[in-house]
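For reference, the structure is listed below as structure tokens.
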Number of protein chains: 2
Amino acid sequence: MKIDPNSSADLSVQIAQAIKDAIISGELIVDERLPSEAELSDHFQVSRPTVREALKRLAAQSLIRTQRGASGGAFVNRLSFEDAYAQQVTTSTLLLSMNEVSFDTACEARYALERACAPLSAARRSADQLATMRAEIFRQGQPGLTDVAFCASDVAFHRALVDGAGNPVLSYQLAGAVEAMQPLMNMITFTARDRAVITGLHTRIADAIEAGDSGAAVAGLQDLEDETRKLAADVFAARAAP
Amino acid sequence: MKIDPNSSADLSVQIAQAIKDAIISGELIVDERLPSEAELSDHFQVSRPTVREALKRLAAQSLIRTQRGASGGAFVNRLSFEDAYAQQVTTSTLLLSMNEVSFDTACEARYALERACAPLSAARRSADQLATMRAEIFRQGQPGLTDVAFCASDVAFHRALVDGAGNPVLSYQLAGAVEAMQPLMNMITFTARDRAVITGLHTRIADAIEAGDSGAAVAGLQDLEDETRKLAADVFAARAAP
DNA sequence: TAGGTTCTAAATGTCAGACTTTTAAATGTC
DNA sequence: GACATTTAAAAGTCTGACATTTAGAACCTA
């Protein structure tokens, strides 16, 4: 682990990069303890606050974790799917909210990816995942449900569908696509009729998944995408010309 | 922006979270300048190094950028697709390398997602993206190409295919799935015959994309997935029983 | 007056050293 | 042997200072 004394970049950035490279290259392995802050500051010839800033950068990316006390220190962190999920969701959400991504673009991406999961889910979903889908459909039919709660249930339904594929990598990749849509969906007002149509499609999809009919599941998702985009278009049209 | 004085969490974590919340909620908008470090340390009643650690955490996630000098400071950063790509790729790569994800699982996820892009790409790809695909196929046929270079070209081919869908959200989501496979692919030794089969399939896919034939493109990707998994299985079998 | 130069102040970047808190392990006691 | 106590190591935090960068103001000069 070396830094370039001639570089113009901030020291804490360079040090963070050096450690990150060591982790990626396998020079530092999972659960290995890094040298203490004092040792690192000695090694890189910088002060301890500078080393600490570098470590905080890595901690923010879940690359390391720190422990206080004797035999404490910074340890290379095993990046868990859970941590990665969370990062993926916040990054995707911010990306969408800060870049004026159109509803259609986000929606197209989400459903394209979800349709990719449908055949796997139809073949492999557990009874538990199917039960979750049914439970969410039931919840969506309850009277008095707020729009926000309806959207949250919608996300939960789709999460179960994706998880049904039994492929954690797929679940991780889709987490962002599905959850980041929620703020966009929250802009829509769902009438009782809209909800009935959506839950009807959800039922169709769940039935197809239960029957192992991947074609029907894909078709159901296609119709749901069309319906969602139509709803959104109506909302935006109504706002443009009140 | 407030922090809880009774919380046991580290101060820099709390402060980073408070600022992050303010950004996500829209309280702080893109390109807005945060208070100076001195003002923040005054506001939160902590020292400047603590504030700085919090800011470094946010900078590591590309949520803010800092500028030195007069009228400098920390600014809310517009999360660009480029930044998000990069994060997505490193996170996915580490996730795969640290969690003993099987080749098959990663491969299945990657091709499932890629097949989702194929119909859009067949309909929309630009001439430029098609040319990139052709150029990479040509490169893959060159003699003397190392296995690593062959894999890199493979990734470039697939990136062009995905970008052909013309949906930046989709490109972002797939960046991780496609690029994170590269280290896994690098474990495979490609014989001349293997390469011929793969480039043949690439040609089939490119032809289908050019012709706008989404069914053929999906079928080509399916065959490519099967071929890739067969190759990997052979490699692992050979290693298990030498 | 136009245009370049120098100065200045504000802000981040870095450093040194000290103190606080947490925690595991060594030590001591019954 | 089990439990309490001490100890030391390490991260967390604070104070205060100095270095460096940079935009803009003030100042000259042609």
Side-chain angles (χ1 to χ4, degrees), chain A residues 1-20 22-23 28 31-77, chain B residues 1-20 22-23 28 31-77:
Chain A
M1 289 194 297
K2 290 270 159 60
I3 61 174
D4 175 12
N6 300 323
S7 168
S8 64
D10 291 349
L11 291 172
S12 71
V13 173
Q14 290 185 63
I15 292 169
Q17 190 61 51
I19 297 175
K20 187 173 181 176
I23 294 174
L28 292 168
D31 291 333
E32 183 170 346
R33 184 178 169 284
L34 277 81
S36 72
E37 295 176 353
E39 288 167 326
L40 285 172
S41 65
D42 193 54
H43 173 76
F44 289 114
Q45 290 288 299
V46 298
S47 67
R48 196 158 80 94
T50 303
V51 167
R52 282 181 60 79
E53 286 181 10
L55 294 179
K56 294 314 147 201
R57 295 184 118 101
L58 298 175
Q61 299 174 268
S62 306
L63 264 68
I64 61 168
R65 61 178 186 279
T66 55
Q67 233 176 349
R68 296 178 71 167
S71 75
F75 297 82
V76 178
N77 196 31
Chain B
M1 290 194 297
K2 291 270 160 61
I3 60 174
D4 175 13
N6 300 324
S7 168
S8 66
D10 292 349
L11 291 172
S12 70
V13 173
Q14 290 186 62
I15 292 169
Q17 190 60 52
I19 297 174
K20 188 173 181 175
I23 293 174
L28 291 168
D31 291 334
E32 182 170 346
R33 184 178 170 284
L34 275 78
S36 72
E37 295 175 354
E39 288 168 325
L40 284 171
S41 64
D42 193 54
H43 173 76
F44 288 115
Q45 291 286 299
V46 298
S47 68
R48 195 158 81 93
T50 302
V51 167
R52 282 181 59 80
E53 286 180 10
L55 294 178
K56 295 314 148 199
R57 295 185 120 100
L58 298 175
Q61 299 175 267
S62 306
L63 265 70
I64 61 169
R65 60 177 186 279
T66 54
Q67 242 176 344
R68 294 177 71 167
S71 75
F75 298 82
V76 178
N77 197 32

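Within the 4.5 Å cutoff, the side chain of B:L58 has no heavy atoms near those of the B:N77 side chain. Using a 4.5 Å heavy-atom cutoff, the side chains of B:S7 and B:Q14 are in contact.
Taken from CG in A:L63 to CG in A:L28, the straight-line distance is 10.5 Å, to the nearest 0.5 Å.
Under the Watson-Crick and G-U wobble criteria, each requiring two contacts below 3.5 Å, nucleotide D:dA30 is paired to C:dT1. Base pairing analysis places D:dA8 opposite C:dT23; the two distances defining the Watson-Crick or G-U wobble pair are each below 3.5 Å.
Looking at A:R33, its side chain never comes within 3.5 Å of a backbone N or O of A:A74 through a donor-acceptor pair. B:H43 contributes a side-chain N or O that, together with a main-chain N or O of B:M1, makes up a donor-acceptor pair within less than 3.5 Å.
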All N/O contacts under 3.5 Å from nucleotides 6-14 of chain C to the protein, with atom names and distances to one decimal?
{"from": "C:dA10", "atom 1": "N3", "to": "B:A70", "atom 2": "N", "distance (Å)": "3.4"}
{"from": "C:dT12", "atom 1": "OP1", "to": "B:E37", "atom 2": "N", "distance (Å)": "3.4"}
{"from": "C:dT12", "atom 1": "OP2", "to": "B:E37", "atom 2": "N", "distance (Å)": "3.1"}
{"from": "C:dG13", "atom 1": "OP1", "to": "A:D10", "atom 2": "OD2", "distance (Å)": "3.3"}
{"from": "C:dG13", "atom 1": "OP1", "to": "B:T66", "atom 2": "OG1", "distance (Å)": "3.2"}
{"from": "C:dG13", "atom 1": "OP2", "to": "B:R52", "atom 2": "NH1", "distance (Å)": "2.8"}
{"from": "C:dG13", "atom 1": "OP2", "to": "B:R52", "atom 2": "NH2", "distance (Å)": "3.4"}
{"from": "C:dG13", "atom 1": "OP2", "to": "B:K56", "atom 2": "NZ", "distance (Å)": "3.0"}
{"from": "C:dG13", "atom 1": "O6", "to": "B:R48", "atom 2": "NH2", "distance (Å)": "2.9"}
{"from": "C:dT14", "atom 1": "OP1", "to": "A:L11", "atom 2": "N", "distance (Å)": "2.7"}
{"from": "C:dT14", "atom 1": "O4", "to": "B:R48", "atom 2": "NH2", "distance (Å)": "3.2"}

